[in-house]
Structure formats: structure tokens, C-alpha cells
Amino acid sequence: MSKTLSARLLALLLGSGLTLAAVAEPLARTEKQYRLAAWHFYQDDYYQALLQLSLAPQDPAKASLLTAGLLLQLDMPFATAALLKTLLDEQSLGGTLPRQLRNIALLQYSRYLLEQQQNTAATRYLNQLSPPLAELAGEAELLKQLLNWPASQTTDPEVFDRLAGQRELPYVVINHILALRQQQQPEQALSLLAKLNNELQPPQQTGFWSQLFSWGGPAPLLNDNTERQALADYLQLLQAGLLVDQGQWADAQRVLRNFASNSVLTLAAMTLYRDILTENRQIPTLLAVLQQLIARYPYAVASWLAAHQLGNQFERALAQQDALAAYRWADQYYQQQLADNSEHARPVNLTALAKSDTLTGWQRYQLRQQPALFHMSSQLQGLQQLQQLQQQRLNRLENLAEVVRFKLAQQRQLLDTALPGLTARQQALQWQAEQLSSQIAAAKSQPMAQQLWLDPAEQDFARWQTTISKAQQRVEALTAAGRDVSSARVRLERLTGILQWHYQYNRAERHWQLSKQQQQLTAELTDIEQALARLTQLDGKTERLLLQQQQLATLTDRESRFARMLATEQQQMLARLNSSLAQLQQAEREQLLELRRLNTQAIARVMEQLLLTSQEGH
């Protein structure tokens, strides 16, 4: 599945968090999650973007579409296709999508079905596109061409105007050119190719002032210089092939003479150049090209054939001795290639894929040249990165579970130990408070109560008060008996006054001390009651923590199963990759054996010719 449409989709959806969150509650939280998802997406951290997206309340249709795009970026096409199929087939979901987003989803799923060789289903979904397609027109037309290939492609002279400015235009036109070549119409194909080359010409470099005062200039069709150069190399090679179809060998040779030596198409260009030189009988140049093929591409079939063709060219030039030497060298070359081929059977492991320098040269070449192998190796590397991210998520879930377990243990400890202790302390303080209240009430009802005299000195005053009371009773008895006790009464009144003064002096301080003690008891009781209230609330929170613990356990189990599924898929894909490499290695071995057999026959043939020539000379 193409990631270009996925990137366009995600940029469109994640870049407009406010629009997407307009129907979600609460709005601030949704906007925050979309912004976080967008930030991780533009950091190429698609897994974190997917996690942030899962936390945002959102519309189900847009959620499915966004999730599909992120799964595609994570190189999980099967999961992506399942989401897109559900989204497109259920009208209750897909019908709520805007036209442009639904068109993108249809294109994505159609391309996936094409890759799975389900052309009929892909065509059915592609036909559901709703016009106008605008910037999606090029992608839709290119996909339509691939679905109808190799059926006859009609040339559309208005394609340049219809797809102007769209990056798919060159590829749509190239398919037209290939169709014309298949229909044996090289002249029309060359004319269309020349027009495409003009469209792909990079804009002329203008001066500073010209750039400053120019507005609305045409934008280049392809902004990526690497893509532009690769496309130019392909068109150059295609032009040479069309000239060969017309029999214009000299013109084709002139086109390929300056072909880039570091292009991905250099091997194909050298192979075509070899055929042109063979047709034109330019033996010295042809021999040089064959030697370059052997030196630069030791694992290519064209290079193995070139080793035999060296002797064949000498044989055609009637240089029998040189031909015999070249064939013998080719035989040694094939023996060495067969020995190297046996070493290629070493299987590839995940560590070697992660570090390409640990792969053999043959393995690196095959993983780069074979599209299916390249795709599988890319998927394996993507799965390996996803496994690392999955392990990080599992570690975070385990840390969260540990925090919940710790909080639960704390709450249980508090409820089991602190609650009884606090309750007992509360009861003791309440009893003390009641006793103190009784003392204060007694002190107020009895002005000279014994409870107010605390220190030893004041206890002496209390005893003096008892003595004075007895003396007062004695004075009253003597007075009743007619005795004169006026002087004793005066002394008794003075002593009573001193005691009363001492009591009044200390009474305020004693009451303040008792009041302060009562306040302290009340404050401590209040703190204990608040602590008991918090513990009572914790008893209710325990159920919430238990629910969180259960949810974390469910998430951990699900993530563990997903990790096991990833590991299984990774091992299966690795097995398929090694099986494909083994089949390729066996097929190449058979090709080398066949080439060596032909080379051995050529050696015998040349030796026989040399023997006949020698006999004729004698």
C-alpha cells in the first residue's frame, strides 16, 4: 500500500485538530490529544501518535481512518486493510466522512487489493470515487491504468492539461508510452516521451532580483531531485529502447553513451548498450563493457553471461586462441561463482537485517534488487522497531501496575492498622476532654475548690484554709458563750483576706491553663476526626484502584498477546525471506551450471577447431 496517500491523509486530519474535535467532549482534552498525535506523527514516531490518538474522544469514522493511516505508516498493511474495509462497507461510518477523506480511503484500499491481486474488488472500490477528485485525480488514473494493464491503453492528448502539477503525471504518461511500445508504435511513443521530457525540465535558475519580484511562477512538477534524476534516467533508457525498436542503433548508442554510471538503472543500461554494440560489431568497446559488467555486478545474471560472451566475441572474430583463453577463464569464473553460491545458503537473521554490514554481498544485492525481498526485509525491520516500541509500552504498563499495587498496599495498611489506632486515640481523647470539662465546671461552682491548687506551696494555703475554717467555728462558739474575741476575729478576718487575695490572683491563670488544655484536646480531636474521614474516603477509593488494577492487567495481557503475535509474524516472515533466498540461490546455481555446461561445450568446440586447423597446417 502506498504511504504517500497515508501521509497526505494524516497531514490533513492531524493538522486540523480543532476541526476534528468540534464534536468531542471535552474540547480541550480532544484538541490536546490531536496536537500530541500530530507532533509524534511529524516526528516519524507513528506508534506514539497511535497511542495518543487512542486517548482522544473522537468521531468513530475519523478515528478508524486515522488509525488506518498510522497502521500503514507502521508497515501493517493487513490491519490497515481490515479497518478500511469496515469503514467503507458500513454506511453508518463511512457515510459520515467528508468526500475528500472517503476518496483517500477508497484509493488506499483499492491499491491494497491491487497488491493482493484482487483486481475485480479493487476496480469496484475505485469506481466508488466521488468527483471532483482534484489533486487525487492523478493517483486515481494511475491506479486505473495498473488495474487494466496489460489491456490496450488509449493515448490521451489532454493528459498534460488534466493532470497539470500532479506528481503522478509522469508515471501516467510513461504507461501510455509503454502501451504504444507494446502496440509497436515507437514513433508516437517517442513524440510523447519528448513532450514529457520538456515537462520535467527543472526551472531555470534566476537571479536574486528576478526571484524577489516574480510572483505566481510555475512550480516544478517534481520537487525531489533524487526522484527527478531517477525518472530522467528511466526515460533515457526508454528512449534508447524505442530507438532500438525502430532499428536506429546508432542513435540508441548515442543516447546511452553518456548514461549515468551511478544510477539504479546502470545495469539495465549496460545490458542494452551491450546488445547495441553486439549489433554494431564494435568489438573493442563491447569487450570493455562486458568486463565492466563482470567487475561491477558480480551477482547479476548479465555478468555471468558476459563471461561467456567474451570468448564468444573472440570466436566470432576467428581469434581461436584468444577465444580458448577467454572460455577457460570463464570456466574458472563459473567454478568460483559456484563455490560462492554454496556460501549464499547461510540464512539471514534479524540481527543481520538490522545491521546490513553483517550481511554477505550477495544477500545485500538480492535484498536491494528483488522487489519482493526488499519489501519483506523492510517489513521485518518495521516489525522489529514496532516490537521495541511494544516492549517500551509493556514496561510502562508494568510500572503503572506496580504503582497501583503500592497504593493498594498503602491503603490496606492504613485501613488495617492506622484506623483502629486512630479510633482508640479518639476515644481516649474524648474521655480526657470530658474529665477536663468536669474539672472546669467544678472549679466554677466552688470558688475555693481544692482542684485549683496544684503546686506544694498552694497546697499549704489549702491547709491554712481548713485551719481558718476551724478557727472561724471556734470564734463563733466563743462569741456565743459570751467571751470577748474581737481581737481574734480581727486577726482571723485579716488572714482570710490574705488567702482570698492569693486565690483571686492565681484564679485567672488557672482558668487560662485549663482553657488552653481544653483547646489543645479539641484541636487534636479535630485532626483525628479528619484523619478518620480521609481513611473512610480511602475505603471507597480502594474499589477504584482495584478497577484500575484490573484494567491494567487487561491491557498488559492484550499487549502481551499482540507482542506474541508480532513475534510469530516476524518469525514467519523471516522464514519466508530465507526460503525465497534459498530458492533464488538454487535457481542461480542451476543457471551457473547451465552456463558452465555451454562454456564447456564452447571450449570443446574451439579446441576441435584448433586441432583441425593444426592438422590442415601439417
Side-chain angles (χ1 to χ4, degrees), residues 237 240-241 243-245 247-257 259 261 266-345 360-362 365-366 369 584-618:
L237 184 62
L243 291 172
V244 168
D245 293 344
Q248 301 178 16
W249 300 95
D251 293 339
Q253 182 177 354
R254 187 165 52 255
V255 169
L256 291 179
R257 186 171 296 160
F259 195 87
S261 62
T266 301
L267 175 59
M270 291 181 70
T271 304
L272 181 59
Y273 196 52
R274 175 202 64 191
D275 297 339
I276 294 173
L277 293 174
T278 302
E279 181 67 25
N280 292 338
R281 301 298 301 148
Q282 298 180 14
I283 303 302
T285 307
L286 175 60
L287 294 177
V289 171
L290 293 175
Q291 290 173 356
Q292 286 186 24
L293 275 173
I294 295 171
R296 293 188 60 178
Y297 302 99
Y299 306 113
V301 178
S303 300
W304 302 341
L305 183 60
H308 177 73
Q309 287 177 331
L310 285 171
N312 183 260
Q313 293 302 320
F314 285 121
E315 184 179 3
R316 293 179 65 182
L318 302 179
Q320 304 297 336
Q321 293 291 343
D322 293 337
L324 182 60
Y327 282 138
R328 284 176 174 171
W329 177 86
D331 185 69
Q332 296 177 357
Y333 175 77
Y334 290 139
Q335 290 182 21
Q336 181 62 43
Q337 290 296 322
L338 284 169
D340 293 341
N341 181 267
S342 300
E343 298 294 329
H344 301 336
T360 65
W362 179 81
Y365 176 80
Q366 299 301 338
Q369 290 294 118
L584 188 60
Q585 179 252 349
Q586 186 61 33
E588 288 185 350
R589 184 174 186 83
E590 293 175 358
Q591 289 177 327
L592 285 169
L593 289 172
E594 179 63 20
L595 285 172
R596 190 185 180 196
R597 185 183 64 80
L598 292 175
N599 194 72
T600 302
Q601 292 177 354
I603 291 174
R605 183 176 64 249
V606 172
M607 291 182 66
E608 183 180 1
Q609 291 175 359
L610 287 174
L611 181 61
L612 291 175
T613 303
S614 176
Q615 290 177 355
E616 290 176 358
H618 289 293

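One is the number of the first residue; the rest follow in order along the sequence. Note that the coordinates shown come from a computational prediction; the quantities given were computed from them, not determined experimentally.
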Spacing of [atom1] belonging to [X] relative to [atom2] belonging to [Y], to within rounding of 0.5 Å:
X: N280; Y: T285; atom1: CG; atom2: OG1; answer: 10.0 Å
X: Q282; Y: W249; atom1: CD; atom2: CH2; answer: 12.0 Å
X: L256; Y: L272; atom1: CG; atom2: CG; answer: 5.0 Å
X: Y297; Y: Q292; atom1: OH; atom2: CD; answer: 9.5 Å
X: L290; Y: M270; atom1: CG; atom2: CE; answer: 8.5 Å
X: H308; Y: T600; atom1: NE2; atom2: OG1; answer: 10.0 Å

Identify the heavy atoms of [X] and [Y] that sit nearest to each other, and give their distance.
X: Y327; Y: R605; value: OH-NH2, 3.9 Å
X: P298; Y: Y333; value: O-OH, 3.8 Å
X: A252; Y: A240; value: CB-O, 3.7 Å
X: A269; Y: L237; value: CA-CD1, 3.6 Å
X: A330; Y: A307; value: CB-O, 3.5 Å
X: V606; Y: Q320; value: CG1-O, 3.5 Å

Does any part of the side chain of [Y], heavy atoms only, come nearer than 4.5 Å to the side chain of [X], both counted from C-beta?
X: L277; Y: Q313; answer: no
X: L598; Y: E594; answer: yes
X: L595; Y: N599; answer: no
X: R274; Y: L305; answer: yes
X: L293; Y: L267; answer: yes
X: I603; Y: Q601; answer: no
X: Q332; Y: Q336; answer: no
X: R296; Y: T266; answer: yes

For this session: Hey, can you tell me if H344 and Y299 have their rings parallel, tilted or perpendicular (30° and 60° cut-offs)?
Result: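 Rings of H344 and Y299: perpendicular, as their planes differ by over 60°.
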For this session: Determine, stepwise, if the pair Q248 / R254 fulfils side chain to side chain contact (heavy atoms under 4.5 Å, CB included).
Result: CA-CA 10 Å; Q248 301 178 16; R254 187 165 52 255; over 6 Å; no
Problem set entry | Pair T360-E343, side chain to side chain contact (heavy atoms under 4.5 Å, CB included): steps then yes or no | CA-CA 9 Å; T360 65; E343 298 294 329; over 6 Å; no
Exercise. Hey, are E588 and W304 close enough side-chain-wise for a donor-acceptor pair under 3.5 Å?
Worked result: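 Distance-only check fails for W304 and E588.
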Exercise. Are N341 and Q337 linked by a side-chain donor-acceptor pair shorter than 3.5 Å?
Worked result: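 On atom types as modelled, these side chains do not qualify, holding no pair under 3.5 Å.
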